[in-house]
Amino acid sequence: MAENEWLSKDFYKVLGVSKDATDAEITKAYRKLARKYHPDLNKTKEAEEKFKDISEAYDVLNNKETRQKYDAIRQFGMGGARFAGGSGQGGFDASGFSDIFGSMFGSGQGGQRVRFSTSGGANPNLNDIFSMFGGAAGQGAGASYGSPYGGYEEQTPSPQRGEDRNSKITLTFRQAVKGATVSLRVDGKQFKTHVPAGVKDGQKIRIAGKGKPGLYGGKNGDMYLTVHVAEDPKFTMRGHDLIMTLPVSVGEAVAGAKIDAADIDGETVTFKVPAGSSSGTEVRVSGKGVHRGNETGDLIGVVEIHVPAKPGLALKHAAKEFDKASGDFVEQLAEER
């Protein structure tokens with residue numbers, strides 16, 4: 001969902017939490033509703049729509065940056081603010097909002113900007129101006145030439161393709177993984193386009209025909225949409241795979257274990273950690289990554305061995321005994337260091 005649709009959505013109400021809810025309370029509410037309305041468990045049309053709504057709400061509120069933007073936009077929007085994009089006469093610079101949102105998110109270097117606009121250059125096209133006067137001058141304007149039969153003939157101008165536009169949009173990490181349908185506005189007209197699953201931060205998407213209008217019957221230019229993907233505290237993307245840290249104990253790493261964890265949808269998946277795993281060992285659950293076309297990635301857990309921050313005497317003694325029982329392993333580590 002694009003930021004300019006946030007004004008009409010009360011995500012706190014969708015999840016049934018207060019505006020002061022903690023991250024843990026938001027996650028708990030989402031998982032409870034997801035179990036109730038997930039399409040695999042509830043086959044009704046109403047459940048499907050409800051699941052989409054709670055997923056959208058969780059996408060925004062589960063991320064600190066997007067939640068902060070959402071709260072600010074909702075608060076400011078109650079006064080009638082509207083966001084629009086475009087360029088030229090029909091465009092919107094959003095400079096009027098800079099001071100307001102700058103005070104909320106910071107300004108200058110390192111500041112956050114809430115902006116959802118299209119641009120393609122605001123300078124007037126001289127060809128358009130000259131054409132208003134019947135092609136009196138300017139490149140591409142109609143020209144008159146003498147005719148061998150007397151009088152003059154007017155030469156028809158060649159079709160000219162319209163200029164391209166540039167626009168940008170911010171997606172949550174989950175939207176980037178799953179793909180999203182977003183709303184954009186050009187010259188006062190709103191349209192929707194689909195951002196494919198697996199889109200990366202900084203990637204540009206070409207939207208054909210949504211640039212400036214062509215001249216003399218020429219085709220419209222294109223729009224180039226630059227996507228910014230918000231960071232997720234738990235997941236990253238590597239190709240079509242999703243990567244997450246998988247904390248395990250020393251015992252689980254040595255003996256091997258089945259470790260339960262939550263995937264990008266909040267559903268429980270089980271990793272099989274083989275005996276003798278070290279930190280950095282990768283284990284995977286097939287088919288839980290990015291789905292794009294005929295390609296499906298995996299969910300990869302990177303083993304990270306954790307120990308108690310304040311081990312007692314008994315645990316310290318057991319650790320020393322463990323090292324003794326490991327034979328030459330401790331000496332081999334010392335040589336590697």
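Residue numbers start at 1 and run along the sequence shown.
A salt bridge is absent between R292 and E295; no separation between the charged side-chain nitrogens and carboxylate oxygens falls under 4.0 Å. Note on E46 versus K50: no salt bridge recorded, every NZ/NE/NH1/NH2 to OD/OE distance being 4.0 Å or above. E282 and R238 are joined by a salt bridge, as a carboxylate oxygen and a charged side-chain nitrogen come within less than 4.0 angstrom of each other. No salt bridge links D187 with K210; every basic N to acidic carboxylate O contact stays at or beyond 4.0 Å. R206 and D164 are not joined by a salt bridge, as no carboxylate oxygen comes within less than 4.0 angstrom of a charged side-chain nitrogen. Using a 4.0 Å cut-off between charged side-chain N and carboxylate O, D23 and R67 make a salt bridge.
Proximity of V283 to P274: side-chain heavy atoms (C-beta onward) are separated by under 4.5 Å at one or more points. Between R165 and Y224 there is no side-chain heavy-atom pair separated by less than 4.5 Å. Proximity of Y12 to Y70: side-chain heavy atoms (C-beta onward) are separated by under 4.5 Å at one or more points. Contact of the V273 side chain with the K258 side chain is not registered, since no non-hydrogen atoms from C-beta on lie closer than 4.5 Å. Side chains of T236 and L242 form no contact here, defined as non-hydrogen atoms less than 4.5 Å apart. The shortest side-chain heavy-atom distance between L299 and M244 falls under the 4.5 Å cut-off. With a 4.5 Å cut-off on side-chain heavy atoms, V186 and M223 count as touching. At a threshold of 4.5 Å between non-hydrogen side-chain atoms, the residues V303 and P247 do not count as touching.
When the side chains of ILVMFWY residues are joined at heavy-atom separations under 4.5 Å, either directly or via intervening members, V285 and I300 end up in two distinct hydrophobic clusters. One hydrophobic cluster, built from ILVMFWY side chains closer than 4.5 Å, cannot hold both V302 and V254; they sit in different ones. Hydrophobic clustering keeps I243 apart from V269 (ILVMFWY residues linked when any side-chain heavy atoms are closer than 4.5 Å, directly or through intermediates). Hydrophobic clustering (side-chain heavy atoms under 4.5 Å, transitive across Ile, Leu, Val, Met, Phe, Trp, Tyr) groups F191 together with V182. The hydrophobic cluster containing I259 also contains I264, counting ILVMFWY residues as joined when their side-chain heavy atoms lie under 4.5 angstrom apart, directly or transitively.
Note that NZ of K64 is 14.5 Å distant from CG of D232, once rounded to the nearest 0.5 Å. Rounding to the nearest 0.5 Å places CG of D222 at 9.5 Å from CD1 of I207. Taking CG of L61 as the reference point, atom CD1 of I26 lies at 5.0 Å (rounded to 0.5 Å). Rounded to the nearest 0.5 Å, atoms CD (E56) and CD (Q175) are 7.5 Å apart. Note that CD1 of I305 and OG of S277 are 7.5 Å apart. Values are rounded to the nearest 0.5 Å. Annotation: the span from L246 atom CG to T281 atom OG1 amounts to 10.5 Å, rounded to 0.5 Å.
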Does K52 form a side chain to side chain contact (heavy atoms under 4.5 Å, CB included) with E49? I'd like the steps, not just the answer.
CA-CA 5 Å; K52 290 180 181 178; E49 294 299 322; 4.1 Å; yes
Side chain to side chain contact (heavy atoms under 4.5 Å, CB included) evaluation trace for E267 with R35
CA-CA 9 Å; E267 298 178 349; R35 285 192 295 268; over 6 Å; no
With side chain to side chain contact (heavy atoms under 4.5 Å, CB included) as the test, would you mind laying out the steps for D201 and V227 before giving the verdict?
CA-CA 6 Å; D201 184 58; V227 179; over 6 Å; no
Set out, in order, the CA-CA distance, both residues' side-chain angles and the distance that settles side chain to side chain contact (heavy atoms under 4.5 Å, CB included) for F173 and M237, then state yes or no.
CA-CA 9 Å; F173 183 83; M237 264 192 287; 4.0 Å; yes
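In terms of heavy atoms, L15 sits closest to A57 at CG-CB, 3.9 Å. Scanning both residues, G287 and T296, for their nearest heavy atoms gives CA-CG2, 3.7 Å. Here the closest non-hydrogen pair linking Y216 and S158 is CD1-O, 3.5 Å. Smallest separation of non-hydrogen atoms from V229 and T172: CG1-O, 4.2 Å. The shortest heavy-atom contact between H194 and G179 is CE1-C, 4.2 Å. Residues P213 and N220 approach most closely at CA-OD1, 3.2 Å, considering heavy atoms.
Under the 3.5 Å distance criterion, the side-chain polar atoms of E25 are matched with a main-chain donor or acceptor of T22. Looking only at distances, a side-chain donor or acceptor of Q203 sits under 3.5 Å from a matching main-chain atom of K200. Checking side-chain atoms of E252 against main-chain N and O of S249 turns up a donor-acceptor pair under 3.5 Å. A distance-only check finds no donor-acceptor pair linking the side chain of K178 to the backbone of D265 [under 3.5 Å]. A donor-acceptor pair is defined here as one N or O able to donate and one able to accept, closer than 3.5 Å; such a pair exists between the side chain of T66 and the backbone of V60. A distance-only check finds a donor-acceptor pair linking the side chain of D241 to the backbone of D298 [under 3.5 Å]. Under the 3.5 Å distance criterion, the side-chain polar atoms of S55 are matched with a main-chain donor or acceptor of F51. In terms of modelled atom types and a separation under 3.5 Å, the side chain of T44 and the main chain of A47 share a donor-acceptor contact.
There is a side-chain donor-acceptor pair under 3.5 Å between T270 and D260.
Aromatic rings from Y30 and Y58 are positioned such that their centres are separated by under 6.0 Å.
Taking D263 as the reference, K288 meet the salt bridge (charged side-chain N to carboxylate O under 4.0 Å, His left out) condition, with sequence neighbours excluded.
Alongside L41, the hydrophobic cluster contains no other residue (criterion: ILVMFWY side chains under 4.5 Å).
The local environment of CD in E48 is crowded, with over 12 non-hydrogen atoms from other residues, nucleotides or ligands closer than 6.0 Å.
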